[in-house]
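Reading through the structure tokens given below for one structure.
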Amino acid sequence: MKEYETINEISGPLVYAEVDEPIGYDEIVEIETDDGRTLRGQVLESSDGLVAIQVFEGTSGIDRNASVRFLGETLKMPVTEDLLGRVMDGTGQPIDGGPEIVPESREDIIGAAINPYSREYPEEFIQTGVSAIDGMNTLVRGQKLPIFSASGLPHNDLALQIARQASVPEEEEEGEEGSEFAVIFGAMGITQEEANEFMDDFERTGALERSVVFANLADDPAVERTVTPRLALTTAEYLAFEKDYHVLVILTDMTNYCEALREIGAAREEVPGRRGYPGYMYTDLATLYERAGRIQGREGSVTQIPILTMPGDDDTHPIPDLTGYITEGQIYVDRDLNSQGIQPPINVLPSLSRLMDDGIGEGLTREDHEDVANQMYAAYAEGENLRDLVNIVGREALSDRDNKYLDFADNFETQFVDQGFDTNRELETTLDLGWDLLSKLPKEELNRIDEEFIETYYVDDEAEEVEATAD
Amino acid sequence: MSQATQQDAATGVIESVSGPVVTARDLDARMNDVVYVGDEGLMGEVIEIEGDVTTIQVYEETSGVGPGEPVENTGEPLSVDLGPGMLDAIYDGTQRPLDVLEEKMNSAFLDRGVDAPGIDLDKEWEFQPEVEAGDEVSAGDVVGIVEETVTIDHKVMVPPDYEGGEVVAVESGSYTVEETVVELDNGEEISMHQEWPVRQPRPAVEKKTPTKPLISGQRVLDGLFPIAKGGTAAIPGPFGSGKTVTQHQLAKWADADIVVYVGCGERGNEMTEVIEDFPELDDPKTGNPLMARTCLIANTSNMPVAARESCIYTGITIAEFFRDMGYDVALMADSTSRWAEAMREISSRLEEMPGEEGYPAYLSARLSQFYERAGFFENTNGTTGSVSVIGAVSPPGGDFSEPVTQNTLRIVKTFWALDADLAERRHFPSINWNESYSLYRDQLDPWFEENVTEDWSEIRQWAIDVLDEESELQEIVQLVGKDALPEDQQLTLEIARYLREAYLQQNAFHPTDTFCPPEKTHLILTTIKTYNDEAFEALDAGVPVEDLVSLDSTPRINRIGVQEDYEAFIEELKDHITEELRGMY
Ligand SMILES: Nc1ncnc2c1ncn2[C@@H]1O[C@H](COP(=O)(O)OP(=O)(O)OP(=O)(O)O)[C@@H](O)[C@H]1O
Ligand SMILES: [Mg+2]
């Protein structure tokens with residue numbers, strides 16, 4: 001392997017070096033500095049005689065005399081089942097003082113695209129125990145369902161609640177041994193405190209044993225953040241498709257990841273896209289998010305819950321916008337609900353699970369699930385809509401019908417959504433609770449529910465019951 | 001993709017690699033020639049020639065490819081293989097069959113450097129001649145038929161670039177696509193296999209004014225904003241507003257002969273859904289499995305960007321080929337924004353001067369060239385056929401003022417505007433009835449009047465008027481509440497509510513409601529109109545509006561959609577409404 005001392009330009013996270021042999025695109029590079037540190041990087045561009053290298057750890061300390069080695073291969077993640085229980089930094093080096101990792105194989109972290117023909121459509125219901133998700137925005141195995149949040153909101157608590165409570169009810173009953181559950185946690189630029197929150201919870205619940213943690217913290221190099229999720233997903237794919245695990249990947253915070261992309265783009269003087277983010281950010285994000293799914297003939301699955309904080313609470317910002325265009329729905333964590341003390345503060349109206357329709361219903365969850373969800377959406381939206389009007393004309397000026405919808409919206413938030421971060425609700429409980437609320441509306445209003453289900457589930461005396469207790 | 005015949009291939013050397021863009025030196029090539037790049041022979045296309053440097057967009061991942069590796073020119077432009085075997089197939093953006101790739105790569109993940117012809121070259125088809133020795137044939141003429149699927153007879157045609165002449169030999173029998181089935185006196189040999197460069201429209205005699213609707217079975221589309229067979233439509237909308245569901249609905253229920261579905265830079269699972277669902281669904285026209293009329297092209301968001309750029313062309317070329325056979329073809333592209341972004345990405349790697357929002361200056365030209373390939377055509381063989389194009393648009397932030405939406409709207413004649421507010425309220429399909437339009441409406445009315453009902457346009461106008469009035473009234477209601485309105489306006493709001501809930505809304509996931517024939521679409525309107533007319537009579541007779549909006553019968557209007565036996569249901573319901581209202585005064 002040839003060593004070069006030919007660096008001729010250093011700019012932001014990039015180093016340019018002259019070479020006299022062909023160097024491959026994406027190839028891994030080691031740079032040794034004067035003070036004996038070895039930094040790692042990746043080839044971003046390779047043209048005759050000159051390569052652009054992005055240095056993961058940042059370029060500080062590199063000078064013209066630093067020596068550059070090209071390793072002749074693209075970045076690989078050493079994978080093995082023994083990774084479970086381990087904690088690594090953002091470049092995949094163990095930081096838990098544990099034994100050396102003996103890989104079973106080394107996988108390219110870029111990851112090839114799953115052939116759409118080889119995929120299996122995800123339709124296996126995951127019970128998260130959170131009513132606003134299970135009832136209204138059902139998650140299924142192999143889905144990518146991000147949490148759209150903003151700074152200062154309890155998205156981490158929600159992610160942890162999901163990681164703790166996620167189960168597939170049927171399998172439990174049958175006591176199926178089959179596939180085990182694993183959590184991969186990829187942190188990008190989060191604070192030590194936030195990281196501790198996750199680690200403590202993992203340790204407290206014993207989840208660490210079946211977890212792999214990749215942690216790039218706020219004070220770790222920003223450029224490194226572009227590889228962290230890829231290491232996490234490469235590990236996830238290995239565990240899912242080679243070792244039959246059902247893997248839940250939590251990636252946080254995708255906003256930091258995108259900032260790193262922007263930084264590299266700027267350093268390369270690329271023509272920027274919207275708000276300074278690279279024009280290829282959609283494609284880049286897709287190469288992460290699309291690494292969720294199921295594959296025909298394989299037991300395991302990769303389910304992704306990326307978390308992102310929306311700059312300025314704005315979901316038209318490129319980061320949430322491009323994410324929403326790729327993922328299979330999104331869960332909104334809402335500032336207003338949060339300040340009202342609703343836990344978890346999920347706003348179901350803009351939230352969506354696109355894979356819900358095929359994952360629920362008779363034989364999967366319950367026959368009335370879809371209708372109940374549709375009706376609750378419509379009713380909550382109607383009640384929500386009326387709130388503005390109430391502010392102007394007062395409740396008295398509204399019809400009896402309108403008042404019922406207003407009550408519905410209130411009850412929906414305080415009873416259905418607000419369950420606390422430690423309550424784990426069975427799906428049956430969630431749906432029954434839904435019927436309790438819906439039964440306060442007149443039957444004729446339930447036009448999205450099959451008449452048969454109204455017959456079976458409508459709680460006939462609900463309206464009177466409430467009045468009686470109110471007295 | 002067509003396995004370009006290896007001519008005397010010129011070889012060049014890679015000079016630089018930057019993502020999907022590679023430059024080579026000393027390559028003797030023409031624009032748009034297909035080349036094989038690097039030691040692994042990755043497929044690419046020449047997109048710029050400057051001095052001794054040739055720029056290539058590569059249709060596969062370029063990690064690890066480096067300067068010094070060879071580039072080989074095939075001397076052929078990017079082409080597709082046309083012939084029997086395209087239906088019931090699923091391709092990537094360069095027409096490589098994904099099922100064949102799975103087998104060849106022996107992996108669920110897409111590997112590199114593997115090529116495969118777009119149609120099976122070994123399979124034998126039963127050829128039935130339509131001509132006999134002595135017949136004169138010219139370019140485009142049908143010389144025989146092959147049963148491609150249970151639904152579709154594949155017409156074997158004289159290739160467009162043939163001279164034509166007298167048939168000297170033809171015989172029915174089993175042939176592979178490359179074997180000659182007809183020989184002409186000038187020595188031309190006709191097989192079932194044609195190749196056609198994707199960036200070049202297939203010739204036709206002329207484009208005519210379309211007069212038939214593409215029936216979609218979606219009430220809001222057929223009823224208010226119909227598209228013609230041979231027409232163009234755009235569906236812009238923010239994420240999660242229903243573009244893909246609408247496209248899937250069209251692919252399932254539209255009364256086209258052939259559907260070409262292009263998944264351009266979108267989700268893998270959405271394509272899997274189609275692959276899993278369609279074989280189990282019946283074609284509404286023939287009752288055969290839906291896949292028998294469908295060709296899928298899947299170049300998902302994580303597949304190479306250059307192949308996303310080409311997938312649109314691959315799709316439209318296949319569509320044109322079936323049009324040449326005299327079929328009505330519908331092409332859905334989800335999403336054209338991803339295609340535009342692929343252009344932008346490649347353009348920026350070429351360091352071209354960017355236009356609006358970084359898109360290349362030729363964005364508008366490319367979009368119109370694409371949509372221009374739609375139309376109702378008289379073909380060179382005397383038949384007529386159509387290509388309808390329905391493109392999804394994904395505007396950043398849901399803002400329709402961005403370049404792709406704006407440039408598309410300048411071209412297409414049907415605009416189905418999706419609305420995030422409606423989607424949030426779960427009003428599906430969330431097509432905004434105030435913003436959307438169809439410029440085909442008037443030219444299609446005669447068809448509906450002749451084939452469905454005479455008062456088609458009249459009652460539609462009534463519905464539009466009520467909805468317009470509603471949106472005006474809603475503004476007042478937002479300020480003062482509903483009860484402050486005069487009684488007749490309160491009644492109008494109630495009528496409008498039924499129009500929204502029973503007519504405009506339609507659940508794509510309900511087994512019955514998912515498809516609504518135009519007759520049913522019309523009858524739903526007449527039911528609401530019955531309520532309207534009777535209720536206003538009653539109001540005039542002094543019945544208070546509270547009573548008119550709380551009938552026992554009317555909530556059942558919202559159930560019509562899910563009724564399979566809707567005619568009887570509607571008849572009974574209309575009687576019930578009339579009876580109830582007339583009993584009030
Ligand atoms: N006609 C409909 N009936 C019932 N549900 C619908 C309908 N249209 C859309 N939906 C709901 O809206 C969701 C999102 O729709 P869809 O996936 O088509 O959005 P999209 O506009 O394609 O978004 P993206 O741009 O992110 O791909 C669906 O998963 C479904 O739940
Ligand atoms: Mg879509």
Side-chain angles (χ1 to χ4, degrees), chain A residues 22-27 45-48 74 108 110 112-122 241 270-274 279-280 282-283 286-287 290 293 295-296 298 316 318 321 324-326 328-330 349-350 352 354-355 357 370 374 377-378 381 388-389 392-393 397-399 444 447, chain B residues 15-19 23 61-69 90 98-99 101-102 108-111 239-240 263 265 267-269 271-273 275-276 298 300-303 305 338 341 344-345 348 354 357-358 394 396-399 424-426 477-483 501 509 555 558-559:
Chain A
I23 302 294
Y25 176 66
D26 270 352
E27 218 175 88
E45 192 167 332
S46 168
S47 53
D48 249 354
T74 51
D108 201 318
I110 301 294
I114 302 177
N115 185 333
Y117 181 79
S118 313
R119 281 183 185 267
E120 189 170 308
Y121 195 65
F241 304 128
E270 292 167 351
V271 181
R274 264 177 91 223
Y280 49 79
Y282 172 85
T283 305
T287 60
E290 278 288 324
I295 291 179
Q296 277 175 46
R298 313 276 173 98
T316 66
D321 189 54
Y325 271 125
I326 303 164
E328 285 142 351
Q330 65 281 333
L349 291 179
L352 171 71
R354 294 165 200 247
L355 300 183
D357 311 293
E370 188 184 344
N374 284 341
Y377 261 114
D388 292 339
L389 188 56
I392 302 167
V393 299
L398 295 186
S399 65
E444 310 79 65
N447 59 39
Chain B
E15 188 185 60
S16 75
V17 183
S18 161
T23 60
E61 208 57 61
T62 52
S63 294
V65 176
E69 292 182 38
I90 172 163
L98 288 169
D99 50 346
L101 291 190
E102 183 190 67
F109 293 87
L110 289 169
D111 200 354
F239 63 79
R267 302 172 183 83
N269 280 330
M271 296 314 293
T272 313
E273 184 183 5
I275 302 169
E276 285 188 14
T300 57
S301 54
N302 55 338
M303 284 159 74
V305 147
R338 307 302 164 217
E341 284 164 8
R344 176 170 70 183
E345 194 170 327
S348 98
E357 292 194 18
S394 317
D399 176 3
E424 260 186 37
R425 279 187 267 149
R426 297 317 193 248
V477 171
Q478 282 303 319
L479 296 175
V480 295
K482 206 190 308 187
D483 290 353
E501 291 178 358
F509 302 111
N558 281 333
R559 306 254 172 218

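Naming convention: chains lettered A, B, ... in sequence-line order (proteins, then strands); numbering from 1 in each chain.
No other option in A/P116, A/A286, A/P318 has as many heavy-atom pairs under 4.5 Å with chain B as A/P116. Top candidate by heavy-atom pairs under 4.5 Å with chain A, chosen from B/P555, B/S18, B/S63, is B/S63. Among A/A381, A/S46, A/P22, the residue with the largest count of heavy-atom pairs under 4.5 Å with chain B is A/S46. Between chain A and the options B/S16, B/P67, B/G66, heavy-atom pairs under 4.5 Å are most frequent for B/P67. Among B/L101, B/I90, B/D99, the residue making the largest number of heavy-atom pairs under 4.5 Å with chain A is B/D99. Considering only heavy-atom pairs separated by less than 4.5 Å from chain A, the leading option among B/A298, B/P354, B/G19 is B/G19. Interface remark: of the candidates B/N558, B/V477, B/T23, B/N269, B/N269 forms the most heavy-atom pairs closer than 4.5 Å to chain A. Of the listed residues (A/E444, A/E328, A/E27), the one with the most heavy-atom contacts under 4.5 Å to chain B is A/E328. Per-residue counts of heavy-atom pairs under 4.5 Å with chain B were compared for A/T287, A/T74, A/T283, A/T316; the largest is that of A/T283.
From B/E273, atom CD reaches atom CG of A/L355 across 8.0 Å, with rounding to the nearest 0.5 Å. Remark: A/D108 CG to B/F109 CZ distance equals 12.0 Å, nearest 0.5 Å. Here CG of B/N302 is found 12.5 Å from CD1 of A/I110. Values are rounded to the nearest 0.5 Å. Remark: B/S301 OG to A/Y325 OH distance equals 14.0 Å, nearest 0.5 Å. The distance from the CD atom of A/Q296 to the OG1 atom of B/T272 is 8.0 Å, given to the nearest 0.5 Å.
For B/R425, the parts sitting under 4.5 Å from any heavy atom of chain A are the backbone and the side chain alike. Looking at A/L349, both its backbone and its side chain come within 4.5 Å of chain B, counting heavy atoms on both sides. Only the side chain of A/I295 comes within less than 4.5 Å of a heavy atom of chain B; its backbone N, CA, C and O stay farther away. At a 4.5 Å heavy-atom cutoff, the contact between A/E370 and chain B is made by side-chain atoms alone. Proximity to chain A (any heavy atom under 4.5 Å) is restricted, for B/T300, to the side chain, taken from C-beta onward. With a threshold of 4.5 angstrom between heavy atoms, B/E424 approaches chain A through its backbone and through its side chain. For A/D357, the part lying near chain B is the side chain, with the backbone staying farther off; criterion is any non-hydrogen pair under 4.5 Å. Heavy atoms closer than 4.5 Å to chain A are found in the side chain of B/E501, but not in its backbone. Only the side chain of B/V305 has a heavy atom closer than 4.5 Å to any heavy atom of chain A. Interface remark: A/Q330 contributes side-chain atoms only to the contact with chain B (heavy atom separation under 4.5 Å).
Both tests do not hold together for A/R354 against B/F239: distance to the six-membered ring centre under 6.0 Å, angle to the ring axis within 45°.
With A/Y282 contributing its side chain and B/G265 its backbone, the two residues share a donor-acceptor pair below 3.5 Å. Checked by atom type and distance alone, the side chain of A/E290 pairs as donor or acceptor with a backbone atom of B/G268 at under 3.5 Å.
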Test log, rule side-chain contact (heavy atoms from CB on, under 4.5 Å), inputs A/L352 and B/R426
CA-CA 10 Å; A/L352 171 71; B/R426 297 317 193 248; 4.1 Å; yes
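When every heavy atom of A/Y121 is checked against every heavy atom of B/E276, the shortest pair comes out as N-OE2, 3.0 Å. B/M303 and A/A113 get closest at one heavy-atom pair: CG-CB, 4.0 Å. The two residues A/Y117 and B/E102 have their closest heavy-atom pair at CE2-OE1, 3.7 Å. The two residues B/R267 and A/I326 make their nearest non-hydrogen contact at NE-O, 2.9 Å. Of all the heavy atoms in B/L110 and A/N115, the pair that sits closest is CD2-ND2, 3.7 Å.
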